[in-house]
Enquirer: 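Sharing a structure here in structure tokens format.
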Amino acid sequence: MFNKFMCVGNLVKDPESKKVKDAEFTTFTVAVNGYKKEDVSYFSCIAFGKLGDSIAKNCVKGSKVLIDGTLHTRTYESEKRGKQFVTEVIVNGCEFLSFKENKTEKPEPELDFPPF
């Protein structure tokens, strides 16, 4: 069987790091634009361990990322709605295409070079 997912999109909100029992992970949602302006898909993502830590440190709402992972569907019981199905991306790799701004550092001045 083959299960591969890749997308380029922007984070919908800041990533959230969590710890449940012995598992440390980071959750976030990526919005991916379609062919039309109003055609947007949203993907819930989970990254474990150091990869999750790296995403939490380097990304904020609006950050552009390339996600590489696999799709996973899980179920849970809800008192109001009964059995619920959730499809998530288990992230295996992430390329940061934009970084969060560091407000404490001044930006580097642009250098003017003489024309040749």
Enquirer: Do Ile90 and Leu71 belong together in a cluster built from hydrophobic side chains that touch within less than 4.5 Å?
Expert: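 Per the 4.5 Å side-chain linkage, Ile90 and Leu71 are not co-clustered.
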
Enquirer: Could you give the side-chain donor-acceptor pairs of residues 21-50 under 3.5 Å, partners two or more places apart or in another chain?
Expert:
residue: Thr26; atom: OG1; partner: Ser17; partner atom: OG; Å: 3.2
residue: Thr26; atom: OG1; partner: Gly52; partner atom: O; Å: 2.9

Enquirer: Looking at every heavy atom in both Val65 and Cys59, which two are closest together, and how far apart are they?
Expert: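 Here Val65 and Cys59 meet closest at CG1-SG, 3.8 Å.
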
Enquirer: Please list, chain by chain and in numerical order, all residues satisfying side-chain hydrogen bond (donor to acceptor under 3.5 Å, both in side chains) with Thr73, sequence neighbours excluded.
Expert: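 For Thr73, the residues satisfying side-chain hydrogen bond (donor to acceptor under 3.5 Å, both in side chains) (neighbours in sequence not counted) are Thr87.
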
Enquirer: Run the side-chain hydrogen bond (donor to acceptor under 3.5 Å, both in side chains) test against Thr70 and tell me which residues pass, sequence neighbours left out.
Expert: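 Listed in chain order: nothing, the list is empty.
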
Enquirer: Does Asp68 have any salt bridge (charged side-chain N to carboxylate O under 4.0 Å, His left out) partners at least two apart in sequence or in another chain, and if so, which?
Expert: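 If we apply the salt bridge (charged side-chain N to carboxylate O under 4.0 Å, His left out) test to Asp68, skipping adjacent residues, the hits are Lys4.
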
Enquirer: Who passes side-chain contact (heavy atoms from CB on, under 4.5 Å) against Asp14, sequence neighbours left out?
Expert: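 By the side-chain contact (heavy atoms from CB on, under 4.5 Å) rule, Asp14 matches Val60, Lys61.
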
Enquirer: Which distance, rounded to the nearest 0.5 Å, do you find between the SG of Cys94 and the CD1 of Ile67?
Expert: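 These two atoms lie 4.0 Å from each other.
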
Enquirer: Nearest 0.5 Å, please: how far is CD1 in Ile55 from CD in Glu16?
Expert: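 Those atoms lie 13.5 Å apart.
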
Enquirer: Applying the 4.5 Å side-chain criterion to the ILVMFWY set and letting contacts propagate, would Phe5 and Leu11 be lumped into a single cluster?
Expert: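 Yes, it is one cluster - the side chains of Phe5 and Leu11 are joined through contacts under 4.5 Å.
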
Enquirer: Do any pairs count as a salt bridge (charged side-chain N to carboxylate O under 4.0 Å, His left out) and have a residue in residues 80-96, sequence neighbours left out, and if so which ones?
Expert: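 Sorted result for residues 80-96: Arg74-Glu88.
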
Enquirer: Under the 3.5 angstrom rule, does the side chain of Thr75 hit a backbone N or O of Gln84 as a donor-acceptor pair?
Expert: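 Judged by distance alone, no pair lies under 3.5 Å.
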
